[in-house]
Amino acid sequence: MSLLLIVLAIIFFIIVFFIAVYNSIIRREQRVRQAQSEIERELNRVAELLPNLVNSVKGAGLLEQKVLTQISESYSKYLSAIKSSKDLSDRINTSSSFFGTIMPIILQLPQYPQLQSMQQFQMLFNEIRVSIDKVSYARQFLNDAINDYNTYILSFPGIIIAKLLGKKELPYFRYERSEETRRSLESGEFTKGLSQW
Amino acid sequence: MVENLGFSSKDFFNLKSEIERKSKILLLFSIIWLTLINFLIANITYIALDEELGVSLFLMIFIYIIMTILVLTELPGIRAADLIVGIFLFLFVVIFILPIFYNILASFPFLMLFIISLLISITFVYSMSSSAEGDPGNFLASIIHARPSNLKDPKEYMAYQLFDALRIGFGLSNKVELKIVDWPIINAMTVSGSDGRSMIILTKGAIEKLDYHELENVLAHEFSHIINKDSEFMTKFAIVSAAVLVLAWFMAYVLPRIIFKRSGRGSDRDRKGEGYLFILALISLVVGLLLYIITPIIMSKLISRASKLREHLADIAAVRKTNYPPGMINALMKVAYESSEDFIRRNKIPENIQALFFDTEIETHPRVWQRIYLICETTKTPLPPQFYELKSKNI
């Protein structure tokens with residue numbers, strides 16, 4: 001009788017253990033998916049918004065034709081990459097090089113006095129900047145989530161259940177910082193003068 | 001050098017573990033202090049009640065329940081269900097686990113009492129702090145009239161977008177909400193709940209006066225508080241101080257009466273206890289009254305030190321996430337110059353919130369120059385030109 005009870009208890013604990021580990025694998029997997037979907041959403045958003053911004057800048061006639069063609073070329077490349085390739089890492093890499101080209105231009109735009117007065121331009125500018133930031137944050141989080149997932153399924157006790165379910169290690173995304181030209185520290189970006197003190 | 005601020009490492013992960021270790025030691029101090037007071041009460045009752053272990057244990061459990069109920073009235077927003085779980089957990093330990101060792105421990109009654117005191121303190125602090133923030137946001141939001149962000153206003157829309165960006169960056173999906181208070185000062189605060197939901201409150205002044213990167217860093221600072229569970233951590237200190245005050249009340253008013261009632265009765269006992277009991281009652285009274293004076297001093301020291309450590313941690317974690325230290329430094333300097341302390345003092349703001357910059361009676365935030373200094377040292381950023389001015393004025 002007592003032997004039966006012990007066996008039942010052991011079976012019960014094994015089941016509980018299995019459920020707990022399985023759930024935590026799935027939870028980590030979902031986090032990775034969540035980060036991927038956030039990235040895709042923001043990539044599409046940038047693709048939607050950018051033509052509007054370029055048009056409003058074109059209307060003001062500020063940028064040279066060379067710069068505009070450069071933007072539109074890389075934009076069409078970016079758009080085709082987003083539409084065609086199924087692989088997210090491909091899309092992320094294309095977007096990263098695309099942001100690298102347009103980011104310096106976009107960041108210069110608010111310095112033009114003609115554009116400063118345009119309410120619509122300011123909104124678009126901020127939208128695009130925040131979307132690009134969201135992509136960068138989402139990539140950060142994606143790599144964190146992948147790291148978390150990989151660590152979990154490669155270490156005990158996750159490895160047992162992961163082997164049973166056939167879960168594989170996920171590849172990391174290359175984390176390029178090329179587009180983050182705004183993060184430069186040299187150009188004396190502290191607030192100037194504190195006259196009230 | 002970071003050594004000037006009392007840290008030994010510049011590396012983020014080392015610094016993080018160092019700060020967590022140091023703040024845990026501070027919490028341990030406060031729990032030990034609560035334990036010692038419990039132990040004192042246990043000893044007084046044990047001696048006063050004819051050295052009957054069972055009776056004084058029973059009294060300790062009674063104190064635990066009284067302490068719980070009274071602290072409940074001091075800290076609002078506590079869910080009763082969690083408290084009952086805490087009480088049952090404690091009773092479970094006392095009823096089922098302790099009897100196993102009872103025979104051994106009964107020969108060392110003082111050790112027994114000490115263990116019980118420790119158990120009471122730890123279970124009390126942890127069960128209370130897990131329940132203390134049951135419904136976090138709505139309580140605070142109703143006090144300060146916080147409202148959801150108005151997405152038609154362009155600046156609030158941008159703030160919301162930045163909030164969304166950082167929510168993605170920290171991987172908190174739909175668990176955090178943004179609220180806005182119409183205050184003219186620059187400030188931001190966080191309330192986190194044990195159920196994983198939290199609320200970030202931004203002032204209108206912060207949205208109006210801070211630029212893109214500054215607001216980004218301020219929000220990242222608040223998100224770091226959520227990730228590091230700082231509200232929960234600091235609530236433990238509030239619980240300890242509330243519990244110590246309840247125990248002080250018990251020692252000063254209740255325990256002497258129990259002892260005197262005891263001494264009046266019992267003619268069959270030998271009368272040697274009379275003067276002895278009087279001294280015990282006097283000790284209880286004096287210590288209880290002293291605790292009323294000492295508690296605020298000691299607890300405010302501990303809270304201040306722990307809170308400062310947590311702020312430093314949130315700063316460096318935020319800067320690590322946004323990867324843009326000048327934004328944080330500029331925001332800090334703007335806050336230092338523009339926030340009016342009178343306003344904060346006039347509008348008293350409850351305890352379990354982590355604000356960007358507060359200066360109430362307990363100094364919960366490090367000096368701005370110290371924060372800037374640590375950020376610059378850990379991220380290899382050059383010091384801003386205003387740093388020396390801030391340092392000389394000790395702002």
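Below, chains carry the letters A, B, ... as their sequence lines are ordered, and counting in each starts from 1.
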Less than 4.5 Å to any heavy atom of chain A: does that hold for the side chain of B:Asp164, its backbone, both, or neither? both
Pairwise side-chain contact, B:Glu216 with A:Asp133, heavy-atom cut-off 4.5 Å (strictly under): yes
Would you say the side chain of A:Val130 lies within less than 4.5 Å of the side chain of B:Tyr160, judging by non-hydrogen atoms? no
Here the gap from B:Ile168 atom CD1 to A:Phe141 atom CZ, rounded to the nearest 0.5 Å, amounts to 9.5 Å
Once you round to the nearest 0.5 Å, how far does CD of A:Gln140 lie from OG1 of B:Thr322? 9.0 Å
Decide yes or no for B:Arg167 and A:Lys134: does some side-chain heavy atom of the first lie under 4.5 Å from some side-chain heavy atom of the second? no
Only counting residues at least two apart or in another chain, list the ones meeting salt bridge (Lys or Arg N to Asp or Glu O under 4.0 Å) with A:Arg45. A:Glu127
Residue A:Ala35 versus chain B: region with a heavy atom under 4.5 Å: neither
Residues 15-29 of chain A side chain polar contacts: donor-acceptor under 3.5 Å, at least two apart:
{"residue": "A:Ser24", "atom": "OG", "partner": "A:Ala20", "partner atom": "O", "Å": "3.1"}
{"residue": "A:Ser24", "atom": "OG", "partner": "A:Val21", "partner atom": "O", "Å": "3.0"}
{"residue": "A:Ser24", "atom": "OG", "partner": "A:Tyr152", "partner atom": "OH", "Å": "2.7"}
{"residue": "A:Arg28", "atom": "NE", "partner": "A:Asp148", "partner atom": "OD2", "Å": "3.4"}
{"residue": "A:Arg28", "atom": "NH1", "partner": "A:Ser24", "partner atom": "O", "Å": "3.3"}
{"residue": "A:Glu29", "atom": "OE1", "partner": "A:Lys167", "partner atom": "NZ", "Å": "3.0"}
{"residue": "A:Glu29", "atom": "OE2", "partner": "A:Lys167", "partner atom": "NZ", "Å": "3.2"}

